[in-house]
There are 2 protein chains.
Amino acid sequence: MASPLRVAIAGLGTVGGGVANLLSTNAALIASRTSGRGVELVAIADQRPHDDLKQEFGPSLGNSQYFADAVDMARSGCADVVVETIGGYGIALQVGEEALRSGASLVTANKALLAVHGENLAVMAEGTGTSIGWEAAVGGGIPCIKVLREGLAGNNVRYAAGILNGTCNFILTTMKETGRDFDDVLAEAQSLGYAETPPDLDVDGIDTAHKISLVAAVATGCKPAFDSVHVEGIRAISGADVSLADKLGFSIKLLGIVSTESDGTVKQRVHPALIPVTAALGATNGVLNGLFSVGDFVGPVFSQGPGAGRDATASACVADILDIARGNHVPTFGMPFGDLDTMVTSGMESREGRYFVRCASGEEGGVRNALQDSSVEVEISAELDGSVGFITGSVAENIIMSTIGDRASMIRVEGPW
Amino acid sequence: MASPLRVAIAGLGTVGGGVANLLSTNAALIASRTSGRGVELVAIADQRPHDDLKQEFGPSLGNSQYFADAVDMARSGCADVVVETIGGYGIALQVGEEALRSGASLVTANKALLAVHGENLAVMAEGTGTSIGWEAAVGGGIPCIKVLREGLAGNNVRYAAGILNGTCNFILTTMKETGRDFDDVLAEAQSLGYAETPPDLDVDGIDTAHKISLVAAVATGCKPAFDSVHVEGIRAISGADVSLADKLGFSIKLLGIVSTESDGTVKQRVHPALIPVTAALGATNGVLNGLFSVGDFVGPVFSQGPGAGRDATASACVADILDIARGNHVPTFGMPFGDLDTMVTSGMESREGRYFVRCASGEEGGVRNALQDSSVEVEISAELDGSVGFITGSVAENIIMSTIGDRASMIRVEGPW
């Protein structure tokens, strides 16, 4: 039997501490699920003094060696797997590079790191025959990357859409349930600890963009192309948008979407979207996340679960660790990096789809006339408190934008569900 | 680079033909996703003459060798993986045993075979160091076994519930949408090809019982114990049940459930259950399947997708094939067979939960009095067309049964969601 898999954790914050706790709490289960091999925490790195960590984490740290410097730990070669839970691009990148260089595999929840430096890290991992496990980077505890990278491996995935940011989903769900406006609900989310201060990475869509660029790489078989993601956040969503959409049978969600168009170009995009309340993603509420993918053979597959939280994120990191302990390996983005294509992207103006158009009641006639003049069908409409909302038929986005001008606002309606 | 993975397909029916077609159609993608190795169809077995198969399946059969006898093919050692798509326990079992004995891995959609002969096959696979891939046996195209066996590998899973039979879900969904009765909708489902004649395996819950016994083995870390599954089908569900449940905010679904109780016993059960329409399983309609699992660290995780169909099932078989081509291996039930416990089960009488109780309007007073005398709370009630439905508070099942006697019928309300 192989000796226990040696794990080192860089950064004993929320996620890192959660991983140590899970490995310790479920050690017997983990031994069985690795055919007796087991997993041993051999090293930890944190800026805080060792005694403080021992006091906070107690026996879950076992006999692990302490490093004040995470890069030193990664460089030391003491582990088979380094779990990077520091975040950001600075020390985290050094930890990842040194870990891979030392011959260790890397497990990380750091979507920003992979979205920006994934190419470099994936190539390094191939060079040393190691793995990069990043299940926790997308969808928190949901094994959605495993579903996509392994479960749907025989499929071309030409459409995937996900609710990938729990903060935004909490805000939009609360706006819908209470009728309150964005700023008001954001302030509450911050006081509850569901949103950071400043909240920009979440509410401006950057976090979702990092995640969808990683999903897009696996789905399309192309190199990650974070810079070409079209990104809109949720600051412009008003209580009137949410209430009118609800009246029309839709939820408004911040989606990360990747779609391969009929001309072969790829649209990677993050924006608010209307989804029927009866669709699985439309009913993914609060801090839940969900990822919906369509494979050319399997059809639609949907995964839902907790998008954040200490224990859920630790569960995803530990799943990656157990894959490695079992000797199982999948290339970082599902195929050797050299086999990935260069993504050819296209812009939003050529998006074909339906739209939710909202205007003041006094503008209704003008907007209806303009839509009619552009041969845009109105499928349904509703009025509420001085605002009118329309759901249009399918049309190219540049036509909608030139038609409504300044008289109305627009949110895309997404499908297929 | 390793030579192509050699695949043999036993039985070119719906699923087997679908696997051949997928392997051929997406061959280039599959080569990339196996780091260049690729998958080669080297043999096929079917009772029909080779010329008929060549005519039906054309180039997707490649240069595969033909066998009239599937057992001969499995015994020949011509393949690294044998895909068994014959069904049943007869020849299918021989094919599985001969394949494993020859040193090949086994991929199968045959839930009945694994539920009844899984122990024997799993032990054989361990003896020869081969894999048994059975993703397609539960939930059709949904990678839900991968989610449970790998994605949640660090978790104790004490509750899992699934809609695992598309025929029953189509019938129950249609009953709800149209207000029609069971017999009427069953006849339609049979005429549409969604239900077999006789429909017993599906509508009496046997198929779901096979599947939940496999889920239970992985979730609990116990040997499969199909014989101890409590099984009820959907024949007794009336249009009045469905309509009253709908009025109370619930869908009626046939669920397979495994739960580990506070005393450590396991309840494996298949029965109709009321689920809130807003819960993900409650909104899993038509021929969709879904599996909801609760891990002690990750919390609730839900997977949904097509539960049947040629291409969806083929997608799941091919995912198993690609795991093997990638050199990845997980024990049949998630840990070595010898590490699995013997399941200690308990009966339905000790189930604690809520209930939907229905009686004729004329019996309402008597039933309310009886429930009150047994200290069973009534949370909500509704009346429709001469029937009354109650949702009770949580109580042990033997109390409900002795309380309502012959005056009313009962369907369980399930949670947590």
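A note on names: the letters A, B, ... follow the listed sequences, proteins ahead of strands, and every chain is numbered from 1.
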To the nearest 0.5 Å, what is the distance between CG on A/N328 and CG on B/D323?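 One gets 7.5 Å once the value is rounded to the nearest 0.5 Å.
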Can you tell me how far the CD1 atom of A/I142 sits from the CG atom of B/L152, to the nearest 0.5 Å?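 It comes to 11.0 Å.
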Heavy-atom pairs under 4.5 Å with chain B are the metric here; pick the option from [options] that has the most.
| options | value |
| --- | --- |
| A/A153, A/G305, A/G18, A/G141 | A/A153 |
| A/G221, A/G338, A/P300 | A/P300 |
| A/T278, A/N156, A/V147 | A/N156 |
| A/D339, A/L29, A/L340, A/V318 | A/L29 |

Greatest number of heavy atom pairs closer than 4.5 Å to chain A - which of B/G334, B/G309, B/A319, B/A283: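 With the most close heavy-atom pairs to chain A, the winner is B/G334.
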Tell me, out of B/D320, B/N155, B/I145, who's got the most heavy-atom pairs with chain A below 4.5 Å.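 Option with the greatest count: B/N155.
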Region of A/V218 in contact with chain B, defined by heavy-atom distances below 4.5 Å: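 Only the backbone of A/V218 comes within 4.5 Å of chain B.
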Chain B contact via A/P306 - which portion, at a heavy-atom distance below 4.5 Å: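 When you check distances to chain B, atoms from both the backbone and side chain of A/P306 fall under 4.5 Å.
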Atom of [X], atom of [Y] and distance for their closest heavy-atom approach:
| X | Y | value |
| --- | --- | --- |
| A/P336 | B/S32 | CD-O, 3.4 Å |
| A/F297 | B/N21 | CE2-ND2, 3.7 Å |
| A/Q304 | B/A280 | OE1-CB, 3.7 Å |

What part of [X] lies closer than 4.5 angstrom to a heavy atom of chain A: side chain, backbone, both or neither?
| X | answer |
| --- | --- |
| B/L322 | side chain |
| B/T25 | side chain |
| B/D296 | side chain |
| B/E150 | both |

State, with a plain yes or no, whether a side-chain heavy atom of [X] is found less than 4.5 Å away from one of [Y].
| X | Y | value |
| --- | --- | --- |
| A/H329 | B/R326 | no |
| A/P143 | B/V301 | yes |
| A/P331 | B/S35 | yes |

If we ignore hydrogens and angles and just use 3.5 Å, is the side chain of B/R33 paired with the main-chain N or O of A/R149 as donor and acceptor?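 Not confirmed, B/R33 side chain does not pair with A/R149 backbone.
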Exam field: side chain B/N26 to backbone A/G154, donor-acceptor pair closer than 3.5 Å: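 Yes; at least one donor-acceptor contact below 3.5 Å.
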